[in-house]
Amino acid sequence: MNAKEIIARRVALEMQDGDVVNLGIGLPTMVANYLPEGISVILQSENGFVGLCSVGATPDDNLVNAGGQHCGIQLGGATFDSAMSFSLIRGGHVDVTVLGGLQVDQHGNLANWMVPGKMVPGMGGAMDLVTGAKKVIVAMEHCAKDGTAKILKECTLPLTGKGKVNVLVTELGVFRVAPEGLILEEIAPGVEVESIVAKTEATLIISSDLKTMQNLT
């Protein structure tokens with residue numbers, strides 16, 4: 001099982017039956033594949049619809065998600081314009097959003113939309129989602145490709161949202177942002193706490209009830 005699958009499987013456990021969920025592009029879209037039995041969610045896309053599902057046998061060029069990828073729509077789904085879509089988000093009607101991250105810090109700040117000096121594809125709806133969704137989950141690999149820490153004491157990249165992250169899931173563990181700091185609550189099988197601490201710049205609080213990450217089989 002690769003890192004992205006580990007992350008997606010664990011994030012799926014954060015969903016409650018009936019949640020309206022917005023999944024960011026890339027890794028977050030994998031979460032829909034691993035929802036536990038008995039959990040059904042309504043997927044919302046900021047480009048204007050609810051009821052996303054897997055693409056059918058014949059892709060319809062008129063049905064794409066916010067990342068421009070072909071998708072399907074469930075019976076009972078609906079399409080609408082961007083004004084309605086962002087009204088849903090800003091009005092607090094999205095229960096959960098799952099986003100990727102470039103950096104997260106111990107204060108719950110998120111940077112995920114640009115690296116100064118490099119091409120910026122666009123903000124998309126990320127700023128609105130982290131502000132409007134009731135629960136913000138960041139799903140990202142623990143370290144950058146060069147091995148540097150992505151979980152920091154303070155983000156150094158331009159922020160997407162300040163103090164908005166509730167849960168962070170990497171392939172090494174599950175972290176919750178609390179008033180007292182960033183709490184390591186779950187750890188991947190075979191991973192040592194010392195290894196996570198060594199790969200994390202942020203100050204971690206190790207939960208007294210530290211558990212093994214679930215939904216990995």
Side-chain angles (χ1 to χ4, degrees), residues 1-15 21-35 67 96-116 118 121 126 129-130 133 135-178 180-217:
M1 189 182 305
N2 62 38
K4 291 182 179 179
E5 183 176 345
I6 292 172
I7 296 166
R9 283 179 174 276
R10 179 56 189 83
V11 169
L13 291 185
E14 296 292 319
M15 307 302 161
V21 178
N22 184 294
L23 300 177
I25 61 175
L27 193 164
T29 61
M30 296 171 60
V31 172
N33 299 328
Y34 303 111
L35 292 171
V96 183
T97 185
V98 184
L99 299 166
L102 296 172
Q103 296 178 340
V104 175
D105 70 26
Q106 61 195 45
H107 309 292
N109 299 325
L110 168 66
N112 80 341
W113 70 285
M114 74 169 297
V115 177
K118 295 189 177 182
L129 285 163
V130 298
K135 182 175 183 178
V136 176
I137 302 172
V138 174
M140 69 176 192
E141 293 187 58
H142 200 90
C143 294
K145 292 181 179 177
D146 63 1
T148 55
K150 295 171 68 176
I151 306 175
L152 308 173
K153 293 182 183 298
E154 301 280 351
C155 290
T156 59
L157 295 174
L159 293 183
T160 306
K162 187 172 184 179
K164 298 298 184 181
V165 178
N166 302 114
V167 180
L168 166 64
V169 180
T170 79
E171 75 278 21
L172 301 183
V174 179
F175 310 79
R176 292 190 191 273
V177 181
E180 60 269 32
L182 191 59
I183 303 173
L184 173 61
E185 293 193 338
E186 297 181 24
I187 189 167
V191 175
E192 301 292 335
V193 171
E194 292 76 11
S195 175
I196 293 180
V197 171
K199 295 177 180 178
T200 306
E201 182 200 277
T203 300
L204 293 179
I205 300 169
I206 312 302
S207 173
S208 59
D209 189 30
L210 186 65
K211 299 176 180 176
T212 301
M213 286 172 69
Q214 305 174 63
N215 205 26
L216 301 187
T217 58

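What you see below is based on every heavy atom in this structure, not just the backbone, and it leaves out hydrogens, waters and symmetry mates.
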If you take all heavy atoms of [X] and [Y], which pair is closest and at what distance?
| X | Y | answer |
| --- | --- | --- |
| E192 | I187 | C-CD1, 3.7 Å |
| Q214 | L13 | CB-CD1, 3.5 Å |
| P28 | L99 | CG-C, 3.9 Å |
| E201 | E154 | OE2-N, 4.2 Å |
| K153 | T203 | NZ-OG1, 2.8 Å |
| M213 | V169 | CE-CG1, 4.4 Å |

I need the [X] [atom1] to [Y] [atom2] distance, nearest 0.5 Å.
| X | Y | atom1 | atom2 | value |
| --- | --- | --- | --- | --- |
| I7 | R10 | CD1 | CZ | 12.0 Å |
| I206 | E194 | CD1 | CD | 8.5 Å |
| I183 | D209 | CD1 | CG | 11.5 Å |
| L204 | I151 | CG | CD1 | 7.0 Å |
| T200 | L172 | OG1 | CG | 7.5 Å |

Are [X] and [Y] close enough that some pair of their side-chain heavy atoms sits under 4.5 Å apart?
| X | Y | answer |
| --- | --- | --- |
| V138 | F175 | no |
| L184 | I205 | no |
| V191 | E171 | no |
| V167 | V174 | yes |
| N22 | V98 | no |
| L27 | T29 | no |
| V104 | K150 | no |
| W113 | L157 | no |

- Query: Taking NZ, NE, NH1 and NH2 as the nitrogens, is one of them in E185 or K211 under 4.0 Å from a carboxylate oxygen of the other?
  - Reply: no
- Run the salt-bridge test on E141 and K145 with the 4.0 Å N-O cut-off and return the result as yes or no. no
- Query: Does any donor atom in the side chain of K135 or T97 lie under 3.5 Å from an acceptor atom in the other side chain?
  - Reply: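 Their side chains do not contain a donor-acceptor pair, so the 3.5 Å distance test is not met.
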- Message: Ignoring hydrogens and geometry beyond distance, is a side-chain donor-acceptor pair present between E186 and T212 at under 3.5 Å?
- Response: no
- Item | Check against salt bridge (charged side-chain N to carboxylate O under 4.0 Å, His left out), R176 and E14 | CA-CA 12 Å; R176 292 190 191 273; E14 296 292 319; 3.0 Å; yes
- For the pair D105 (side chain) and C155 (backbone), establish whether a donor and an acceptor sit closer than 3.5 Å, ignoring hydrogens and angles. yes
- Query: Considering the options N109, N112, T148, T156, which one meets the side-chain hydrogen bond (donor to acceptor under 3.5 Å, both in side chains) requirement together with Q103?
  - Reply: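 Testing each of N109, N112, T148, T156 against Q103, the sole residue satisfying side-chain hydrogen bond (donor to acceptor under 3.5 Å, both in side chains) is T156.
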- Query: Are H142 and I196 close enough, and set up right, to give a side-chain contact (heavy atoms from CB on, under 4.5 Å), and what steps lead you there?
  - Reply: CA-CA 9 Å; H142 200 90; I196 293 180; 4.0 Å; yes
- Does the side-chain contact (heavy atoms from CB on, under 4.5 Å) test come out yes or no for V177 and N166, once each step is laid out? CA-CA 5 Å; V177 181; N166 302 114; over 6 Å; no
- Considering residues, nucleotides and ligands other than K162, do more than 12 of their heavy atoms fall under 6.0 Å from its NZ? no
